[in-house]
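Taking it in order: structure first as structure tokens, then the write-up.
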Amino acid sequence: MATLTNASRVCLRGITRQSAAAPVRALATSATRQDSSATAYTYGTAFKGGDKGNQVPDFSKYMSDKSVSSNKLMGYFMVGGMGAISAAGAKSTVEEFLKNMSASADVLAMAKVEVDLNAIPEGKNVIIKWRGKPIFIRHRTESEIAEANKVNIASLRDPQSDDDRVKKPEWLVMLGVCTHLGCVPIGEAGDFGGWFCPCHGSHYDISGRIRKGPAPLNLEIPEYDFPEEGKLVVG
Ligand code: FES
């Protein structure tokens, strides 16, 4: 056992000596190479092979073998094609957006109201609902039309002739909302035979013009038309 231990010690010593000798040889080699290469190279970077990063790679094998004009044509074609595709996509997007934003058919239908005028006798009022608001339709008599026209316009608070407020003298179409604070006036009432707003006492005449009370303006005239005889379309 003692013999084996001694043999181990001898072996370890040998290895230790060899390990110690190696750095000495490496240092000697390094010193020699530094000395021999000092005149051959200059280093621009501290990293090994760092100067190779400044070299431009050789792309010649990727270059087209066609002429320059042919390559340009291809480039123009690609750019033009992409531009056309992009424009078509943008147009489609805008169209879809506008389609979504525009009113649907049922909303458009509510925007207009059609009225059969044959159902309204002369001298009578009818109230219809349009866009959530009342619309007064009055089938005026000859005497009411004459009365509306004989008023001195200069004396009115909101000067307006009867002709300016109707498309056909026998049909008066107005928004039934008092111009004072928005109440709905009562028909065939008031001091002027037209409409009376009981909220604060505004009197409108047979043309819907303000004649007395706090309301500042005549009753508003909405958009309307007579597309055919006996038919009224409001809106
Ligand atoms: S709201 Fe009609 S008079 Fe005031």
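Residue numbers run from 1 in the order of the sequence given. Order of listing sets the numbers, starting from 1, for every ligand and every atom in it. Hydrogens, waters and symmetry mates play no part in the numbers below; they use all other heavy atoms, side chains included.
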If you scan protein heavy atoms around atom 1 (S) of ligand 1, the nearest is Leu181 N, 3.3 Å
Report yes or no: is the SG-SG distance between Cys178 and Cys183 under 2.5 Å?
no
Within less than 2.8 Å of atom 4 (Fe) of ligand 1, any N, O or S from His200?
yes
Are Trp130 and Trp171 linked, directly or through intermediate hydrophobic residues, by side-chain heavy-atom contacts shorter than 4.5 Å (ILVMFWY only)?
yes
Residue Lys231 excluded, over 12 heavy atoms near NZ under 6.0 Å
no
Which protein non-hydrogen atom lies closest to atom 3 (S) of ligand 1, naming both residue and atom, and how far is it?
Ser202 OG, 3.1 Å
With heavy atoms and a 4.0 Å threshold, my read on which part of Cys183 contacts ligand 1 is both
Does this structure show an ion pair linking Glu144 with Arg138, if we count only N-O contacts that are shorter than 4.0 Å?
yes
Shortest non-hydrogen separation from Val177 to Gly182 and the atoms involved:
CG1-CA, 3.6 Å
Check all N, O or S atoms of His180 and name the one closest to atom 4 (Fe) of ligand 1.
ND1
